[in-house]
Amino acid sequence: MRAGLSLCVYCGSRIGAVPAFVELAREVGRWIGVHKGQLVYGGGNNGLMGVVADATLEAGGRVVGIIPHALVDREFAKLDCTELHVVDNMHDRKRMMAERADAFLALPGGIGTLEELFEVWTWRQLGYHDKPVGILNAESYYDPLLAFLAASVRHGYMNDWQMDLVRVGSDAGQLLGELAQAATTRTGVVDLSEI
């Protein structure tokens with residue numbers, strides 16, 4: 001039985017070119033473990049995904065990996081997860097990740113990370129869930145994306161309230177604490193199986 005926050009983390013299946021992002025993934029994993037929490041993630045052993053999972057386990061946290069059959073070899077499924085679920089497809093993966101999480105956090109990553117972030121953000125604006133969503137903007141990684149989104153607001157395709165649905169921060173500990181606090185004060189429970 002878990003005691004702390006169940007955090008779904010979206011991040012790169014590659015290490016990337018910035019060493020600070022590797023340490024960032026470790027910091028997030030350590031925070032989850034130290035706070036007796038649970039990592040919910042894509043189940044891979046590669047890149048930042050593997051780093052955050054290893055750090056969570058090393059710090060005493062639980063790790064729930066969810067990976068489609070087609071990616072078991074490609075992303076080197078992490079066989080030492082506390083729970084490893086092999087599902088039929090990406091839709092099942094993302095739905096199960098959302099169901100098992102109290103909050104969502106995007107670390108640096110590529111199009112898969114962005115797609116997952118935008119999906120849970122969209123689900124939140126549509127009322128499919130009321131779980132907090134965060135973007136860890138370390139080393140200003142997400143600055144260009146945030147500037148684009150601000151332009152979308154200026155052009156009338158988004159509203160400020162939509163932007164306010166996502167918490168953005170550059171300090172991992174502070175943002176994680178905010179997500180944990182927001183997750184404990186949620187007002188509604190939504191059945192994600194309807195998504």
Within the structure provided, determine whether Val64 and His85 are in side-chain contact (heavy-atom separation under 4.5 Å). yes
What closest approach, in Å, do Pro144 and Ser140 show between heavy atoms, and which atom pair accounts for it? CD-O, 3.9 Å
Do you know the tightest heavy-atom contact between Leu48 and Ala25? O-CB, 4.0 Å
Checking side chain to side chain contact (heavy atoms under 4.5 Å, CB included) against Leu7, which of Asp102, Thr56, Ile32 comes through? Ile32
Keeping the roles fixed (side chain from Asn89, backbone from His91), state whether a donor-acceptor pair exists under 3.5 Å. yes
Quick one, Val86 and Pro68 - any side-chain contact, counting heavy atoms below 4.5 Å? no
Can Glu27 and Arg30 be counted as an ion pair, charged N to O under 4.0 angstrom? no
Pairwise side-chain contact, Trp31 with Leu5, heavy-atom cut-off 4.5 Å (strictly under): yes
Of the non-hydrogen atoms in Ile135 and Leu175, which two are nearest, and what is the gap between them? O-CD2, 3.4 Å
With distance as the sole test, does Lys131 use its side chain to make a donor-acceptor pair with the main-chain N or O of Ala101 at under 3.5 Å? yes
Closer than 3.5 angstrom, by distance alone: can the side chain of Ser152 be matched with the main-chain N or O of Tyr157 as a donor-acceptor pair? no
Could Glu83 and Arg62 be called an ion pair, given the rule that one side-chain N must be under 4.0 Å from one carboxylate O? yes
Closest non-hydrogen atom pair, Asn46 against Ser13: CB-O, 3.2 Å
Nearest-0.5 Å distance that lies between atom CZ in Arg154 and atom CG in Leu149: 10.5 Å
Test your reading of the model: is there a side-chain donor-acceptor pair from Asp171 to the backbone of Gln174, 3.5 Å cut-off? yes
A side-chain contact here means heavy atoms from C-beta on lying under 4.5 Å apart; do Arg167 and Val133 qualify? no
If hydrophobic clusters are built by linking Ile, Leu, Val, Met, Phe, Trp and Tyr wherever their side-chain heavy atoms come under 4.5 Å apart, do Val168 and Leu117 end up in the same one? yes
May I ask you to check whether over 12 heavy atoms, not counting those of Leu126, lie within 6.0 Å of atom CG? yes
Atom CG in Asn159, atom CD in Gln162: separation rounded to 0.5 Å? 5.0 Å
Between Phe104 and Tyr10, what is the ring plane arrangement, given parallel below 30°, perpendicular above 60°, and tilted in between? parallel
Indicate yes or no: at least one non-hydrogen side-chain atom of Leu136 is less than 4.5 angstrom from one of Leu24. yes
Is a side-chain N or O of His129 found less than 3.5 angstrom from the main chain of Val120, in a donor-acceptor match? yes
When you measure from the side chain of Thr185 to the backbone N and O of Gln181, does any donor-acceptor pair fall under 3.5 Å? yes
Rounded at 0.5 Å granularity, tell me how far SG in Cys8 sits from CD in Glu99. 11.5 Å
Is the shortest heavy-atom distance from the side chain of Met49 to the side chain of Asn45 under 4.5 Å? no
Over all atoms of both residues, closest heavy-atom pair of Leu179 and Gly134: CD2-N, 3.9 Å
Candidate pair Val40 and Val9, rule side-chain contact (heavy atoms from CB on, under 4.5 Å), full reasoning: CA-CA 6 Å; Val40 178; Val9 174; over 6 Å; no
When every non-hydrogen atom of Ala106 is compared with those of Thr113, the smallest separation belongs to CB-CG2, 4.5 Å
Say whether Met90 and Ile66 are linked into one hydrophobic cluster, either directly or through other cluster members, by side-chain heavy-atom distances under 4.5 angstrom. no
Side chain to side chain, Leu146 and Asn137, heavy atoms closer than 4.5 Å: yes
Is Tyr41 reaching over with its side chain to a backbone N or O of Gly44, donor-acceptor style, under 3.5 angstrom? yes
With a 4.5 Å cut-off on side-chain heavy atoms, are Asp160 and Val153 touching? yes
Interatomic distance, CD@Glu119 vs CG@Leu114, rounded to 0.5 Å, equals 13.0 Å
Any chance you could measure Leu145, atom CG, to Tyr142, atom OH, to the nearest 0.5 Å? 7.5 Å
NE2 of His69 to CG of Asp73: how many Å apart, nearest 0.5 Å? 12.0 Å
Within one Ile-Leu-Val-Met-Phe-Trp-Tyr cluster: Ile111 and Leu105, side-chain cutoff 4.5 Å: no
Could you go through the side-chain contact (heavy atoms from CB on, under 4.5 Å) check for Asp88 and Arg93 one step at a time? CA-CA 8 Å; Asp88 289 335; Arg93 176 198 222 181; over 6 Å; no
Short N-O contact, Lys94 and Glu115, less than 4.0 angstrom: yes
Quick one, Val63 with Gln38, criterion side-chain contact (heavy atoms from CB on, under 4.5 Å). Give me CA distance, side-chain angles, the key distance, then yes/no. CA-CA 6 Å; Val63 173; Gln38 172 173 278; over 6 Å; no
Between Asp54 and Lys78 (salt bridge meaning N to carboxylate O under 4.0 Å), is one present in this structure? yes
Same cluster or not: are Val166 and Met163 linked, directly or through other Ile, Leu, Val, Met, Phe, Trp or Tyr residues, by side-chain heavy atoms under 4.5 angstrom apart? yes
Are Leu79 and Leu57 connected in the hydrophobic side-chain network, where two residues link if heavy atoms are under 4.5 Å apart? no
